[in-house]
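All values below were derived from every heavy atom in this structure, side-chain atoms included, with hydrogens, water molecules and symmetry-related copies excluded. Numbers here simply count residues along the sequence, with the first being 1.
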Amino acid sequence: MCGPGPYSPAGVRLTCRQPPFSTLSGGTRGLDMRLGLALGYWGRGPDPGHLELAQEAERLGYHSVWTAESWGSDAFTPLTWLAAHTTRIALGTAVAQMAARTPTATAMQALTLDHLSGGRMMLGLGLSGPQVVEGWYGRPFPKSPLTATREYVEVIRQVLNREAPVRLDGRYHPHPYAGPDATGLGKPLKPIVHPLRADLPVLLGAEGPKNIAQTVRIADGWLPLYWSPSRTDLYQATLAEARDGFVVAPMTQVRVCADVAEGLKPVKAMLGFYIGGMGHAARNFHADLMARFGYEAEARRVQELFLAGRRAEAIEAVPDAFADEISLVGPRERIAERLELWRKGPITDLLALAPDVRTLRVLAELAG
């Protein structure tokens, strides 16, 4: 059964193999922390360096590569491109937005790519916020985000398990649909395609305490947006409930450079955009998370400046201390010293937003 399938790109061998995530026990907390490469989403267009970075990460022994989406490029198409040009590295979305697709459509994309890649797919999902859900996807933001997330994951699990037609008496994702405008002809279905893995990993991007607690209960892993190795006490009680093999995989910007302040500028730019612009002044999950890290006044100031159109000032108002504690920036020796703090915590995978091959190589050497 191994070899290129009917839809494999010409000249590319998509090899069948034992899936790297047939179980999630490969990542255990502590000194054997795995490395991943996070490529994020596109800006004005595709980054011509992403394929080179992914191939170099695979050569260096990185465990995974991850793509994202916001309101431009999608997460699955670039990941499929990377799958066709790699052979071993695991492939993840961090994150695919739930509002972008019905749960069955998301399950279809995940199981399709899992087949094409020989069992390398990891499905990372996120709910996003009201501005994006209602402003971009044209859908109402759920009044009960926890319920919406739980139902979404349940439908995906049913599709992947393929034990019976999908049925859910849900508030947000009922199957079959039976709303007031339904025809009444909806029929419970199960996928025609037999999924390669019923246990294809489902991970969630979660920021609020209740959302994180639910993630531990219903998902195979958690994708924190910001992570500070000095504040792991914020999650200690919640993660203590996680079952064996549960993945904790934060994304962090990593940059090898001589000047720490200069290296922190991209981190501050990212934070300024997320805290200031990725949400309403009265409801911004990223700003709330920064506040829980002890920077409430600073978070509100960044929001105020950004929403007033003073974006450069908003970025400058991001505290260097906050940007520094959630990233790995500076000379090799400094990154090596700080990396030990990350290895001692509960994380299983470090997903590096690394901008260049040199940084990838240094991180691999230090983590090895």
Separation between CG (L35) and CG (L366), nearest 0.5 Å, reads 9.5 Å

Does Q158 use its side chain to pair, donor to acceptor, with the backbone of R167 at less than 3.5 Å?
-> yes

Thinking salt bridges, do R243 and D220 make one under a 4.0 Å N-O criterion?
-> yes

side-chain contact (heavy atoms from CB on, under 4.5 Å) assessment of V248 paired with Y235 = CA-CA 11 Å; V248 180; Y235 314 112; over 6 Å; no

In short, Y172 meets S144 closest at the heavy-atom pair OH-N, 2.9 Å

With respect to M98, which candidate in L125, I156, V153 satisfies the side-chain contact (heavy atoms from CB on, under 4.5 Å) definition?
-> L125

Verdict with supporting geometry, R157 and E154, salt bridge (Lys or Arg N to Asp or Glu O under 4.0 Å) = CA-CA 5 Å; R157 299 282 198 204; E154 171 60 23; over 6 Å; no

Donor-acceptor pair, side chain of R34 and main chain of A249, under 3.5 angstrom | no

Contact check, side chains of V166 and P103, non-hydrogen atoms, under 4.5 Å = no

Minimum side-chain heavy-atom gap T232-P346 below 4.5 Å | yes

Please report the closest heavy-atom contact between L111 and P195, naming both atoms and the distance.
-> CD2-CG, 4.3 Å

Has D233 got more than 12 heavy atoms of other residues, nucleotides or ligands less than 6.0 Å from its CG?
-> yes

Can you find a heavy atom in the side chain of H175 that is under 4.5 Å from one in the side chain of E151?
-> no

Can you establish whether the number of heavy atoms outside M108 located under 6.0 Å from its atom CE is more than 12?
-> no

Which value, rounded to the nearest 0.5 Å, describes the distance between H115 atom NE2 and M121 atom CE?
-> 13.0 Å

Taking the side chain as every heavy atom from C-beta outward, state whether R255 and P355 have any atom pair closer than 4.5 Å.
-> yes

What pair of heavy atoms forms the shortest contact from F141 to E134, and how long is it?
-> N-OE2, 2.9 Å

Is there a donor-acceptor pair under 3.5 Å between the side chain of T86 and the backbone N or O of Q55?
-> no

May I ask whether W342 and L264 are part of the same hydrophobic cluster, defined by side-chain heavy atoms of I, L, V, M, F, W, Y residues being less than 4.5 angstrom apart, directly or through others?
-> yes

Aromatic ring pairing Y274/Y226, orientation class (parallel under 30°, perpendicular over 60°, tilted between) = perpendicular

For residues K187 and L185, determine if any side-chain heavy atom of one lies less than 4.5 Å from a side-chain heavy atom of the other.
-> no

Does CD in E365 sit with more than 12 non-hydrogen atoms of other residues, nucleotides or ligands closer than 6.0 Å?
-> yes

Can you tell if the side chain of D324 reaches within under 4.5 Å of the side chain of R338, non-hydrogen atoms only?
-> yes

Which heavy-atom pair separates P319 from M290 by the least distance, and what is that distance?
-> CD-CE, 3.6 Å

Parallel, tilted or perpendicular: which describes the rings of Y295 and F322, with under 30° parallel and over 60° perpendicular?
-> tilted

Salt bridge present between E207 and R292 (N-O < 4.0 angstrom) | no

Distance in Å, L160 CG paired with D114 CG, rounded so as to fall on 0.5 Å steps | 8.5 Å

Would you give the length of the straight line joining atom NE2 of H50 to atom CG of L39, rounded to the nearest 0.5 angstrom?
-> 4.5 Å

Is there a side-chain contact between L53 and D47 (heavy atoms, below 4.5 Å)?
-> no

Tell me, with the steps shown, if I335 and V329 meet side-chain contact (heavy atoms from CB on, under 4.5 Å).
-> CA-CA 6 Å; I335 291 178; V329 171; 5.9 Å; no

Could you go step by step and tell me if L339 and M33 meet the side-chain contact (heavy atoms from CB on, under 4.5 Å) rule?
-> CA-CA 11 Å; L339 186 61; M33 177 182 71; 4.0 Å; yes

Does K265 pair with D259 as a salt bridge, N-O distance under 4.0 Å?
-> no

So CH2 of W227 and CG of L234: to nearest 0.5 Å the spacing works out to 8.5 Å

Note: R301-E298 ion pair, threshold 4.0 Å (strictly below) | no

Are V254 and V357 grouped together when hydrophobic residues (ILVMFWY) are joined by side-chain heavy atoms under 4.5 angstrom apart?
-> yes

CA sep, side-chain torsions, deciding dist, call: L271, V302, side-chain contact (heavy atoms from CB on, under 4.5 Å) | CA-CA 9 Å; L271 288 169; V302 171; over 6 Å; no

Could you state the interatomic distance from CZ (F293) to CD (E325), rounded to the nearest 0.5 Å?
-> 6.5 Å

Would a distance-only check, ignoring hydrogens and angles, find a side-chain to backbone donor-acceptor pair under 3.5 Å from T93 to G124?
-> yes

Any side-chain heavy-atom pair of N211 and W222 under 4.5 Å | no

Any donor-acceptor N/O pair, S327 side chain to T252 backbone, under 3.5 Å | no

Smallest separation among heavy atoms of P331 and V260, with atom names | CD-CG2, 4.2 Å

NZ/NE/NH1/NH2 to OD/OE distance under 4.0 Å, R334 and E337 = no

L113 to A83 - nearest heavy-atom pair and separation | CD1-CB, 4.0 Å

